[in-house]
Amino acid sequence: MLVALLSSQYQRFAAIAEAWLAQGASAFGVFQDGRPLIYWPSSHRLVRPSLTAPIIQDDQPVADLRVAGITGMAAEARLRADAVIISSLLQLEHDLQCMTADLVTSQDQQLALYRLSQSMRDHVTVLETLRSLVAEGMRMTKSHAGFAAFIPKHGQEPLLVKSAEDFLSDEMAWRIYWHTRSLEHAVNLPDPDADFPTLPDIEDLLAVPIRVRGSIMAGMAMANRPGGFGTPDMKLIQAIADQASAQIERMLLYQEMFDQAKLRTEMDLARRVQLDLLLRQLPQVTGLDIYATSRPAYQVGGDFFDFIVNPGRPFVFSLGDVTGKGLSAALLMTMTRSAIHSKAQFMPFPTPEAVMRQSNEDLYNDFTRVGVFATVFVGQYEPGTQRLLYANAGHAPVIYRPIDGPAQLLRADSTAIGILPVSHCRNQTLNMRPGDLLVVATDGFSDARNAHDETFDIERLIDLIDQLAPRTARDIADAMFETVDRFGGGRNQDDDQTLVVIKGAAS
């Protein structure tokens, strides 16, 4: 059967192979029982494939796809997806053959079902499948009218296709569909024993539910067949419904795979954009040793850091954490970072208190509308002063470790941005002498959990800063990530982890 599929769908397999070769693979092929059925290019026998994926029929592997010259999780997922599609095609061919065997008593019906399968095979949407289902169903059963309906599970618009606009009203067609769905079996109308209204201009109508993925998601009905619908006609319409079920399921699988691929592409793009927003080159500021980095829990996250260095103006830096994770948090993060950056860069006297106050005014209405907030720390340093001015809007942990004393937690003096219409932040001052250390991190560090569901917590973080204080800013950051990862014991990261380490240095 696989050989027949390869023959009938050669162009499709060739297109898949060409896509792999264009991606960088050195060879692509289909193998059965360890022997090649077909492969590209013809000079490569795929003796040592780098990736394989099974082709499944009736829950059993019957062959496998092989690729050479390319590796990685993305390539492996793609090959599995190709194998799933081919398995679906193979299963469709298998189902079609079984159905044909069951209908050997009617050569016309066998041919009709085959033509139905062929007509549906190239459809790529459920709507196209429903249209073909109505047209082919009417032709095969010699009915004068018909309709097909589909209701997705995830809130998308329901679909209704009728053979003609004057054939039933949409309301009545949906009523027939729901009636059939509630009974979970075929319904022949009009039925004098059923509590169902009279259908105008309908002499005879046979409606059947269509199961997709184990539940009734679709249905079809044929109407006004000369002589009515006998038992053979009922069996044929049920066979058509079963064929439509397999086709709709294949369409849903195709759409899901397409949506997932599109989402991955969009997330990759969002990640690249977010990384570009985070400075790749750290600023050089006299009297400071600076390092900063971010590690999102997902492809994108809600944490950010930023540095503003302008000639003749103080050095300003910020770090923030927007509530939530993923793409929505990343979008709001961009808003927050942009608001703070513009204030710090263009205000005549951009003290941390003033930057925080103006940023809160800009963001409050939007944040309140969507129910989010952002904790933010803004610092300002004038080279040569050995003093750092800062404001803290609800952010933690912020740990300061003077050269002559233990590490201590600096608590926020105002709520996060977006909580209140007015920021109550005030300028605070820190010494930033050679050896003084400031670590501004997000709660992805203190809230990291181990296998026993224990958090790393603030106290461990303070002790860790005390131990790491003699090191350089970069070494301190690297050691913090390493320690938290070791504490987690391989557990997946729950939250974004971002930090800025600033250490006083000799001028």
Side-chain angles (χ1 to χ4, degrees), residues 92 95-96 98-100 102-103 105-106 108-110 112-117 119-120 123 126-153 158-164 167-197 199 202-252:
L92 285 174
D95 293 343
L96 178 60
C98 291
M99 193 178 300
T100 302
D102 292 338
L103 297 175
T105 57
S106 174
D108 290 341
Q109 289 185 357
Q110 293 177 40
L113 284 173
Y114 182 77
R115 290 183 59 182
L116 174 65
S117 174
S119 68
M120 287 184 174
H123 297 330
V126 175
L127 182 59
E128 289 177 345
T129 300
L130 295 181
R131 288 171 177 164
S132 179
L133 180 62
V134 172
E136 292 298 322
M138 289 171 57
R139 183 185 61 79
M140 294 164 63
T141 61
K142 298 180 176 59
S143 300
H144 291 169
F147 74 82
F150 173 73
I151 296 185
K153 279 189 173 181
L159 301 176
L160 176 64
V161 174
K162 297 188 297 183
S163 58
F167 167 59
L168 292 177
S169 65
D170 289 357
E171 180 183 358
M172 183 57 71
W174 282 115
R175 187 165 183 177
I176 294 171
Y177 166 80
W178 286 109
H179 179 63
T180 307
R181 178 169 173 166
S182 66
L183 296 176
E184 298 188 358
H185 59 70
V187 173
N188 205 325
L189 297 174
D191 182 358
D193 297 327
D195 184 17
F196 201 86
L199 303 176
I202 301 297
E203 298 177 3
D204 200 6
L205 181 144
L206 179 61
V208 296
I210 299 176
R211 291 186 176 272
V212 180
R213 296 180 173 177
S215 62
I216 298 174
M217 297 174 62
M220 63 176 291
M222 297 290 111
N224 293 345
R225 182 186 186 278
F229 295 97
T231 299
D233 303 304
M234 294 181 181
K235 290 182 178 180
L236 175 59
I237 291 179
Q238 186 60 58
I240 294 172
D242 292 341
Q243 183 68 25
S245 171
Q247 176 68 7
I248 292 173
E249 186 162 346
R250 186 172 74 87
M251 290 300 96
L252 295 178

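Just so it is clear, the values below take in all heavy atoms, side chains as well, and ignore hydrogens, waters and symmetry mates. Here the structure is a predicted model, which means the values were calculated and not measured.
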Tell me, with the steps shown, if L127 and F150 meet side chain to side chain contact (heavy atoms under 4.5 Å, CB included).
CA-CA 9 Å; L127 182 59; F150 173 73; over 6 Å; no
Chi angles and distances behind the salt bridge (charged side-chain N to carboxylate O under 4.0 Å, His left out) call for E128, R131:
CA-CA 5 Å; E128 289 177 345; R131 288 171 177 164; over 6 Å; no
Straight-line distance of [X] [atom1] to [Y] [atom2], nearest 0.5 Å:
X	Y	atom1	atom2	value
F196	D191	CZ	CG	10.5 Å
I248	R211	CD1	CZ	13.5 Å
R139	S132	CZ	OG	9.5 Å
T129	Q243	OG1	CD	10.5 Å
I176	L168	CD1	CG	5.0 Å
L130	M220	CG	CE	10.0 Å

Within the side chain of [X], is there an N or O that forms a donor-acceptor pair under 3.5 Å with the backbone of [Y]?
X	Y	answer
T180	P209	no
S245	I210	no
N224	E203	yes
D233	T141	no

CA sep, side-chain torsions, deciding dist, call: V126, L159, side chain to side chain contact (heavy atoms under 4.5 Å, CB included)
CA-CA 9 Å; V126 175; L159 301 176; 4.0 Å; yes
What are the two closest heavy atoms between [X] and [Y], and how far apart are they?
X	Y	result
L160	F147	CD1-CD1, 3.9 Å
A218	Y177	C-CE1, 3.5 Å
H179	V187	CD2-CG1, 3.9 Å
M138	M222	N-SD, 3.4 Å
P158	P152	CA-CD, 4.1 Å
A223	L205	CB-CD1, 3.9 Å

Would you check, one step at a time, whether the test side chain to side chain contact (heavy atoms under 4.5 Å, CB included) holds for D170 with K162?
CA-CA 9 Å; D170 289 357; K162 297 188 297 183; 2.8 Å; yes
